[in-house]
Structures are given as structure tokens and as C-alpha cells.
Amino acid sequence: MTDLGTPVLDNHLHLDADNRGIDAVEDFAHLGGTHLLVVNKPSWHHGIEADEGADFRPVFEETIDLVERASEVLPGRAWPVLGVHPGLISRLVDDRGFAPEEAGELMRAGIDVAAEYASDGHAVALKSGRPHYDVSDAVWEASNEVIRHACTRAAETGVALQLHTESTEDLTDVAEWAEAAGLPPERVVKHYASGELDGVTKSVMCDKEYLETAVEVGEPFLMETDFVDDADRPGAVMGPKTVPRRVRWLQEQGHDDAVRLAHVETPEAVYGIDTRGTLDE
């Protein structure tokens, strides 16, 4: 097993017990990966068409179980991120005939259930967001209401918030909502980010150009693959070996300070997790 001499955290990936699951974790660890933030897959990937908040529980339970199993094979450990994928609003509105306001209400109920798990120490962050594709004004506003609600619940439970949003380098609007809810904007993370972002913390996709930009900018950042663990899309979005490979590449470029920022300092500031102290627990 490779030792890169540093904690190595993939800030956003998915695991599926019916696909690669723990085999993907072992690939990550073999290349030097030490820690994971495992985000629950969208509810419909589990065959669940939710009608109430409690319907999300099996999704969250499976993610928690996979995190426990992942922690057994990692040099460090894994943590869950639980919430509702923003793409659900389109399935509810377009496929099931929900009004946007009704869809938003159901999604907020799912966030509430995720917050229950977070309150019990079973998640370090909630997940929410808004569609990354064109939608009606009503769907857009309903999605933003879900984000505002997630900010409030994250603040109340003392956890961070990961967001799936449109491609952008400016989320100062969300930063303002977070502050209004009592959630420090630096504890809000845009997943699938490029190397620059205003307003909240960026979780940078492991494209070398994005990483070079993040290093040059010098602001707090995280690294991720958004590995989806889908048998129909092997290796998508990026494979589980990618973060440790990019860490080694950054080290070879002399960017040890950036590696420490992304894998030690920023995780502690955002999630309150100690990646050094949890090695070889």
C-alpha cells in the first residue's frame, strides 16, 4: 500500500453495495488514499420514489453502513454526507406531476431527516443544491428555498453543507443565505468546482488545470472525484484512484503546502475533522 506521507481525502464520492463498493475503497487506499466523504446516491438510484421524508431513511442507512465498512479498510476513516439530490425536483415535477412548491416541501422533509442523523453524529455534512440545467423560474425558486432550509438545518445541527449547483465561480448569493441562517459560508462547499470560486469553499474536481488554478489562487480548497459507482458508467465521473494520483503529482510539483491546505487544514475548518489524528486509529 502506497504511503504519500500525508492524509489524502476524497471530499465527494459515492459508493454502492451492489456495484464496486468496498473494492473501490481498496483501490483508493492502495494508491495512498486515507480518508473519504461518502455522499448518499440519489434516492431514485435505490428505486425509491419518495412521498414523505421518512422514505429517504433507507438511502441514508445504506450510506452509513458503507461508511462503516469503508473505515475498516482505510488507513484513516470515512464519514457520511447525507441529503437530497437537487435533481429530484425535476423527477417530481416533470414525471410525477408535483407542483414546484410541493416538490420543494418533500425535499425539505428529506433534509430534515438527514439532519436527524447529523444531530446524532452520523453525518459531518448535509447535501442539497439546485439544478445545473435550465429549469422554470418556479422550480429555480423552489430549489433555492430548499438550499435556504438546508443552511438553517446545517447551522442548527452544527455540520457543514455540500451543494450541487450550476457551473459557476460565484456563489455569493448562497453565502449570504448561509450567513443569515447562522452557518459560516466557509462551511458551505460547492462540489464539482473549478479552481476559482467566490462566496463558499470549493471542492475541486481533479482536473490538473483546475488544481493548478486552485494552487495559484491560494484559497482553501478540497479535492474530489465525484465517483458515482455505477456499473453502467465505470470510472465516472473520475475513478477512485484519481485523488491520490493527483496528490502525488502536486507533491512532485513542489506543492506540499497546497496538499496540506486541501487535505488537512480545509477539512478541519469546514467539517471539524482531524485527518492527521484519525490515521491508523
Side-chain angles (χ1 to χ4, degrees), residues 12-19 37-64 66 80-118 122-123 125-154 157 159-168 171 173-174 177 188-193 203 224 226-230 232-233 236-237:
H12 186 109
L13 91 167
H14 307 276
L15 296 175
D16 191 323
D18 294 327
N19 291 307
L37 287 189
V38 182
V39 185
N40 63 265
K41 296 186 80 169
S43 51
W44 61 90
H45 286 203
H46 295 266
I48 292 173
E49 298 295 346
D51 291 302
E52 58 184 6
D55 292 338
F56 293 93
R57 288 191 185 277
V59 180
F60 301 153
E61 294 284 354
E62 178 168 324
T63 302
I64 292 168
L66 282 163
V81 175
L82 304 178
V84 179
H85 193 285
L88 177 60
I89 196 166
S90 295
R91 295 181 64 88
L92 293 173
V93 172
D94 297 342
D95 299 342
R96 297 182 60 192
F98 279 61
E101 297 80 7
E102 294 173 328
E105 182 178 358
L106 174 56
M107 294 169 73
R108 292 194 298 273
I111 295 290
D112 288 341
V113 174
E116 291 178 23
Y117 286 94
H122 294 302
L126 303 180
K127 176 190 177 178
S128 185
R130 59 195 182 197
H132 62 274
Y133 45 86
D134 290 338
V135 294
S136 69
D137 290 345
V139 166
W140 184 254
E141 183 50 40
S143 298
N144 283 333
E145 285 297 326
V146 175
I147 293 177
R148 293 185 186 101
H149 184 72
C151 287
T152 298
R153 298 316 314 271
T157 54
V159 299
L161 174 62
Q162 280 200 20
L163 294 179
H164 174 120
T165 76
E166 73 280 10
S167 296
T168 181
L171 283 180
D173 57 342
V174 176
W177 303 340
V188 179
V189 178
K190 173 177 167 48
H191 115 85
Y192 213 108
S203 182
E224 68 166 80
D226 192 23
F227 175 63
V228 299
D229 201 3
D230 185 337
D232 293 331
R233 300 172 63 201
V237 171

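Residue indices begin at 1 and follow the sequence shown. Quick note: numbers below take in every heavy atom, side chains included, and nothing from hydrogens, waters or symmetry partners.
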- prompt: Which residue, Arg57, His122, Arg153, forms the side-chain hydrogen bond (donor to acceptor under 3.5 Å, both in side chains) with Glu116?
  reply: Arg57
query: Looking only at atom types and distance, does a side-chain atom of Asn19 sit under 3.5 Å from a main-chain N or O of Asp229, one as donor and one as acceptor?
result: yes
query: Just how far is it from atom CG of Leu13 to atom CG of Leu37, taken to the nearest 0.5 Å?
result: 9.0 Å
- request: Hey, could you give me the CE/CG distance between Met107 and Leu88, rounded to the nearest 0.5 Å?
  value: 5.0 Å
message: Ignoring hydrogens, what is the shortest heavy-atom contact between Val159 and Ala118? Give both atom names and the distance.
response: CG1-CB, 4.0 Å
- prompt: What's the verdict on side-chain contact (heavy atoms from CB on, under 4.5 Å) for Val189 and Leu161, showing C-alpha distance, side-chain angles and the deciding distance?
  reply: CA-CA 6 Å; Val189 178; Leu161 174 62; over 6 Å; no
query: Just by distance, with hydrogens left out, do Tyr133 and Glu166 show a side-chain donor and acceptor under 3.5 Å apart?
result: no
message: Please determine whether side chain to side chain donor-acceptor pair (under 3.5 Å) holds for the pair Lys190 and Ser203, giving the CA-CA distance in whole Å, both sets of side-chain angles, and the decisive distance to 0.1 Å.
response: CA-CA 6 Å; Lys190 173 177 167 48; Ser203 182; over 6 Å; no
- request: Hey, could you give me the CH2/CD distance between Trp44 and Glu49, rounded to the nearest 0.5 Å?
  value: 9.0 Å
task: Show your working on side-chain contact (heavy atoms from CB on, under 4.5 Å) between Gln162 and Leu126 and close with a plain yes or no.
output: CA-CA 6 Å; Gln162 280 200 20; Leu126 303 180; over 6 Å; no
Sub-4.5 Å side-chain heavy-atom contact between Trp140 and Arg130: yes
statement: Rounding to 0.5 Å, atoms NE2 (His149) and CG (Asn144) come to a distance of 14.5 Å
query: Phe60 vs Phe56 aromatic rings, parallel, tilted or perpendicular, using cut-offs 30° and 60°?
result: parallel
- prompt: When you look at Arg233 and Val228, which way does the side-chain contact (heavy atoms from CB on, under 4.5 Å) test go after all the steps?
  reply: CA-CA 8 Å; Arg233 300 172 63 201; Val228 299; 4.3 Å; yes
- prompt: How far apart are the closest heavy atoms of Ile89 and Pro131, and which atoms are they?
  reply: CG2-CG, 4.1 Å
task: Give a yes or no on whether the backbone of Thr165 and the side-chain of His132 come within a donor-acceptor separation of less than 3.5 Å.
output: no
- line: Scanning both residues in full, the closest heavy-atom pair of Ile111 with Ala150 reads CG2-CA, 4.0 Å
task: For Asn40 and His85, test the side chains for any donor-to-acceptor distance below 3.5 angstrom and give the result as yes or no.
output: no
field: Glu141 side chain to Ala138 backbone, donor-acceptor under 3.5 Å
entry: no
query: Where the side chain of Lys41 meets the backbone of Asp16, is there a donor-acceptor pair that is under 3.5 Å apart?
result: no
- prompt: When you look at CD of Glu105, are more than 12 heavy atoms from neighbouring residues, nucleotides or ligands closer to it than 6.0 Å?
  reply: no
message: I'd like to know if the side chain of Glu224 and the backbone of Tyr192 have a donor-acceptor N/O pair within less than 3.5 Å.
response: yes
- request: Examine distances only and state if a side-chain atom of Asp55 and a backbone atom of Glu52 form a donor-acceptor pair shorter than 3.5 Å.
  value: yes
NZ/NE/NH1/NH2 to OD/OE distance under 4.0 Å, Asp51 and Arg96: yes
message: Please give me the minimum heavy-atom distance between Val93 and Ala103, naming the atom from each residue.
response: CG2-CB, 4.0 Å
task: Tell me, yes or no, whether the heavy-atom count around Asp95 atom CG, taken from other residues, nucleotides or ligands under 6.0 Å, exceeds 12.
output: yes
message: Once rounded to the nearest 0.5 Å, what's the spacing between atom OG of Ser128 and atom NE2 of His164?
response: 10.5 Å
field: Spacing of Ser43 atom OG and Leu106 atom CG [to the nearest 0.5 Å]
entry: 8.5 Å
query: Which is it for His45 and Asp230 under the side chain to side chain donor-acceptor pair (under 3.5 Å) test, yes or no, and what are the steps along the way?
result: CA-CA 10 Å; His45 286 203; Asp230 185 337; 5.3 Å; no
task: With the side chain counted from C-beta on, respond yes when Ile48 and Pro58 share a heavy-atom pair under 4.5 Å apart, and no when they do not.
output: yes
field: Any side-chain heavy-atom pair of Pro86 and Val146 under 4.5 Å
entry: no
- prompt: Would you say Val38 and Val81 make side-chain contact, with heavy atoms under 4.5 Å?
  reply: no
query: Should Asp226 and His191 be marked as a side-chain contact (heavy atoms from CB on, under 4.5 Å) after you check the CA-CA gap, both sets of side-chain angles, and the distance that decides it?
result: CA-CA 8 Å; Asp226 192 23; His191 115 85; 3.6 Å; yes
